[in-house]
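The figures that follow rest on heavy atoms only: side chains count, while hydrogens, waters and symmetry mates do not. Bear in mind the structure is a predicted one, so any value in this text is a computation, not a measurement. Note that ligands are numbered from 1 as they come in the structure, with each ligand's atoms numbered from 1 the same way.
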Amino acid sequence: MSLAHWVDALKSHWGITAELSRLDGEYDLNFKAQASDGRGYILKAMRPGCDSWLVEMQVQAFQHIATRAPDLPCPRVIAASDGATMCLITDETGAERLCWMLECLPGKCYARTNPKLPPLIHEIGATLGGAGKALADFQHPGLARDFKWDLMQAGWIGSELAAISEPARQSLIRDIDTEFSKLEPILAQLPKQAIHNDANDYNIMVAGELTEPRQVSGLIDLGDMCAAPRICDLAIAAAYIVLDQADPEAALAALVAGYHAAYPLTPQEIDLIYPLLRARLAVSVVNSTLMARENPDDPYVTISQAPAWRFLESHDLNPALVSARLRAACGLPVVDGADRVMDWIASERGNFAPLMGEDLGAAPMGALSVEHSTWPQNPFDMPLSEAARVGEEFEDGGRIWLGYYHEPRLIYAEPAFRKGPYKASNRRTVHLAVDAFAPAGTPMFAPLAGEVFVVENRTGHLDYGGVIILRHQTPAGDAFYTLYGHLDPECCDRLQPGDQIDKGAEFCRLGDATQNGGWAPHVHFQLALTTKGIEADWPGVGDPDEMYMWRAICPNPAALLNLPDEKCCFAPTSKDDIRQGRRDHFGGNLSLTYSDPVMLLRGWKHHLFDEWGRPYLDAYNNVPHVGHAHPRIQAVAADQLKRMNSNTRYLHPAQTAFADKILSKMPDHLDVCFFVNSGTEANELALRLARAHTGAKGMVTPDHGYHGNTTGVIDVSAYKFNAPGGVGPSDWVELVAVADDYRGAFRRDDPQRAQKFADLVDPAIAALQARGQGIAGFIAETFPSVGGQIIPPRGYLPAVYEKIRAAGGICIADEVQTGLGRLGDYYFGFEHQGASPDIVVLGKPIGNGHPLGVLVTSRAIADSFANGPEFFSTFGGSTLSCRMGKEVLDIVDDEALQDNARQRGAALIAGLKALEQRYQSVGDIRGMGLFLGVELINPDGSEATALCSYVKNRMRDHRILIGSEGPKDNILKIRPPLTIDAEGVEMILEVLDGVLAEAEPG
Ligand SMILES: Cc1ncc(COP(=O)(O)O)c(C=O)c1O
C-alpha cells in the first residue's frame, strides 16, 4: 500500500494537497489527511466490493444529522471536486474501491481518555441522545439489516454457548440469554428508528487535556447503523461505559441522564437498559470467543474481551435497584406509581395517626450534623458509651425531640459505612429517616393501616435492635413501606409478617440502649417507595454523592408525621454561600485551594471532614502537628480557659515550663525564649534582634524564601516581594540562589556543591557592604519550603554561617516548617546541616492551630536587645499559649511522633521513588521524614506547572489533600500531621499512582 498513490487520489478527486497517515481499519483503508491549509480529513477507501448502499447510508445519515442538529459534534461529509459524496478509485493493486471523505474532528478517542468522569460521560449520553433524536426520522433501506450486531437479535448467542468452554462462564451467558429472551417481546413492541448502534469507546472523540475541561468532540463511525429501538443504542454505549469503571453505577447513571436530557426516555425504556447492557456484553464475549477459535494465534482477541468478562463476573448489580437509580438520575419516579404515592401522602398530611401518640408540630429539632454536632469525638469510632448518650444536649425532661432527615452525620463510624478500603474512602453519612427521641418504653402508633412486612431483632453492634417494616397501600392501590428501628424487641414475640396493623394502633415501643443496638432511645422512622433491591435491608444512611437516588427511593417522611417537609429536612451550609460571603466581605487576595474548594468542618488526627461528612486524608497541613482535634489539646485549652488567660506581665509557672521544654530540645548556647503570636512576628523580632546586636541592617537571604506577611519580613521574603505585583527588592536585602541541587547551578554529581552554593554569599555580603548597609545577618528556612521542598546539601549552612559571622552578622534559622520532629531523623533541620544558628524561629505547628510563635536565642543577643523599650506582645506567651505549646511538645515525645515521622516518611519516600521509576513526569523525589516534595516535569525536563495543578486537584477528588510549591508551582508538597499511619501512606501512594497514570500521554 503506497501512501503516495492515495495522496495523488486525494489531490485529483478532492483537489486537496495533504500528508496522509494510515489509521486502523480491519478491511477498509482509512487515512488521516493533514492538508497544507491546516485542515484535517479522514479519507476512507472501502474494501474492494463493498456495497455502495453501506457508504451511501452513512453519507446520508451524517448529512441528516448535520441538518437536524448542526451543533452536534458529528463529522461533515466532504464532497469531491465534482460534488459527489463518494467516488470509485482504483488502488495500486488495480482493485476499485469506493472512497469518501469526512472532516477530521479534534481530540482523541474516549478509550484513551483518562480519567473517565461522570460529567464527560453525561455529555457522551447527551451527544448520543442528540444523534438519536436527529436520526429519528432518517430513512434508508440499508437500515433493515440482518446482522449479529443488531441487539434485538442477540438471541443468537444461545446457539453458540458451547463455544464457552468454562462451565461458570457458560452458565453466566446462558442466564443472560434466558433473561434476554424475556425482553424480546417487550423490545418488539417498541418503535424502531435509525440508531448509531456502535457508540463504543473508539467511536467517541474527546478533546481537552489535563486541567482543561473534557468535552465530547466527535461521535463517529456510522458503519453499524441499523433500525432498532433507540434504547438499544443507549444500552450498547452503556455496555462500554461501565467497563473498568471504579463506580460503574455512577457512570451508567451519568450516561443515561445525559441521554434523557437530550432525548427523553420513558421509565419502561430505562428498565431495559441494564439487561440489554448485559446482553450486549454477552454478544461481545461470545463473538470474540468464536473469533479466537478462528484465529488462535491472535492474543488480542482474548485480551479485548477481558474487561467485558470482568464486568459480567464481578458486578452482580440488582437490576431493580439499577432501574431505580437510572430513573432517579433522569428525575422519573423510581418505580411506577412512586409519584402518585408521594402526592397521596402529601394530601393526607395532618390526617395520619400520631406516631408518638402526640402532635409533633412543636417538637424541637436537634441537629446531629457534621457542622452542628461533635458526636462522636472520634469520627472513626463510635463507642457504645457515646452512642448511648448521642443527643443528650437536646434532652429536656423526656420531651420528644426530632432528628433530621437528609442530615450528614459522623455518628455512623463503623467500617460497614465505608465504601472503600481507607478511612478517607467515601462513606455513607446522610440520614434517610426522621428520628424521634423519647424515653425508652414510649409506645408508638401506626400512622396508617399496614401489613407487617418485616419484624426482626437485629442484635448487631449499633444495629436496630427491634425493627418493623410495614407495607401500605394507597386508595389507588400503589404500595409503599415504612420502617421503625431501634425498638424494644418484644415486638418480635407479638407480631409476624402478614399481620394487619390498624391505623392508630399501638404496635411497638422504643427500646433502651441494651435492646436497640446501643443507642440513646429513639425511633428511626423511614419511608421507602419500593423495596425492590433493598428488600428488608434498607440503608438508613446514604452516600452524599448518591442522594439523587436515595432521596427518590426514601423520601422525607415528614408528611406521615403530619409535619411540614421543611421542618424535618436538613440543609447543610452551602459552600457557594460561604464563597459569596468571602467575595463580598474579604480581601481579594485571600486565596482558596483547589478549583472546587473544600469546606472543612471536623477533623481527627490526619483526617478532615467536609459539610457532607466526606472524609479527607490531610497530607498537607503541618499546623495540626500532633493531629486535628487532639483530645489532650482540647483538654488543655478547656482547662486553662476555665481558670484564666493572661499575659507575660504576670508570673505563671506555665511560662517557664514551656521555655524549659523548648530549651531542652535546643543546643546549649540557645537559652533565651521570646513568645509571640506567629511565625511572622517571631521573624520580625529576629530582624530587630539582629539589628540591635550588630548595629547593621543588611540581610542576606535565599531567593524564593518566605518568612511572613509584615512589612519587615516581606522584605526578606522573595517569594512575596518578587511575585507579580509584589513590593520589589529592598536595598538592605541581598538574595542568593537557593541551594537546590536538582535544578540549581550545582548538581548532585558535584561533591563540592555545598561549598559552591555557600560561596554565592560572598558577592551578596560585598554588595551590602558596598551600599553601606553592613551585615546584620542571614535568614533562611533551614530547608526551603515554598522554594520547592529543598534539602540543601549537607554542610551548606555551616559554610554560609561562617561567612556571615566573619562579616559581623548573625544567623537566623527559620524552623517554622521543619522543626519539632517532622524530619524524623532530626528534631530541627539545622541538626542535619551540622549548623549552629544564633536565632531559631518556631511557629505554625508549635500551637497545633493555636496562634503561637517562639524565638529562641543566646543570652548575649537577647541582652543586646534589652537595651531600651519594653518588649511586649499581648497574646505572645499568654497562659493558654504556653500551656498549648508545651502540650504539643510533650505529645510529640509521649506519642513518639518524631519516630513515626521517620518511619512513615521512609515508607513514603520509598513508594514515591518507585513512582519516579515508572513515570517520566516525576523528575525528583526529595525530602526527609514528613517534609516531602515531588517535582513534576515535562518531557523536556522543564517544570510541569499544569500537570502539578492537575495532580493536586485530582488527589483532592480522591479525598487526599496535598499542596503544590516551587517558583513554577510544579512541586507537590506532602506534609501531613505527624500522626499519619501506614494506611495513610498506602493511600497516598496508590492514589498518586492512579492520578499520574491518568496524565500519561494517551
Ligand atoms: C518558613 C516560614 N516562616 C514563617 C512563616 C510565617 O508564619 P505565620 O503565617 O504563622 O506568620 C511561614 C508561613 O507559612 C513559613 O512557612
Practice task
Inspect the contact between Asp671 and Arg859 and indicate whether a charged nitrogen and a carboxylate oxygen are less than 4.0 angstrom apart.
Solution key: no
Handout entry: Ring centroid separation Phe871 to Phe674 under 6.0 Å
Key = yes
Fill in the blank from the handout: Sorted by chain and residue number, the side chain to side chain contact (heavy atoms under 4.5 Å, CB included) partners of His704 (sequence neighbours excluded) come out as Val738, Pro967
Expected list for residues 815-825: side-chain donor-acceptor pairs under 3.5 angstrom, two or more places apart:
| unit_1 | atom_1 | unit_2 | atom_2 | d |
| --- | --- | --- | --- | --- |
| Glu815 | OE1 | Thr782 | OG1 | 3.4 |
| Glu815 | OE1 | Thr818 | OG1 | 2.7 |
| Glu815 | OE1 | Gly819 | N | 3.4 |
| Glu815 | OE1 | Gly829 | N | 2.9 |
| Glu815 | OE2 | Thr782 | OG1 | 2.9 |
| Glu815 | OE2 | Gly829 | N | 3.0 |
| Glu815 | OE2 | Phe830 | N | 2.9 |
| Gln817 | OE1 | Asn622 | ND2 | 2.9 |
| Gln817 | OE1 | Arg975 | NH1 | 2.9 |
| Thr818 | OG1 | Thr782 | OG1 | 3.1 |
| Arg822 | NH1 | Leu930 | O | 2.8 |
| Arg822 | NH1 | Pro976 | O | 2.8 |
| Arg822 | NH2 | Pro976 | O | 2.9 |

Exercise for the section: With Ile662 as reference, evaluate Val840, Ile846, Leu670 under the side chain to side chain contact (heavy atoms under 4.5 Å, CB included) test and give the passing residue. Expected result: Ile846
Handout entry: ring pair (Phe, Tyr, Trp, His ring centres under 6.0 Å) partners of residues 708-735, not counting sequence neighbours, each pair once
Key = Tyr706-Tyr719
For each nitrogen or oxygen atom of ligand 1, which protein N/O atoms lie closer than 3.5 Å, and how far apart are they, rounded to 0.1 Å?
| unit_1 | atom_1 | unit_2 | atom_2 | d |
| --- | --- | --- | --- | --- |
| ligand 1 | 3 (N) | Asp814 | OD1 | 3.4 |
| ligand 1 | 3 (N) | Asp814 | OD2 | 2.6 |
| ligand 1 | 10 (O) | Gly679 | N | 3.3 |
| ligand 1 | 11 (O) | Thr680 | N | 2.8 |
| ligand 1 | 11 (O) | Thr680 | OG1 | 2.3 |
| ligand 1 | 14 (O) | Lys844 | NZ | 3.0 |
| ligand 1 | 16 (O) | Gln817 | NE2 | 2.8 |

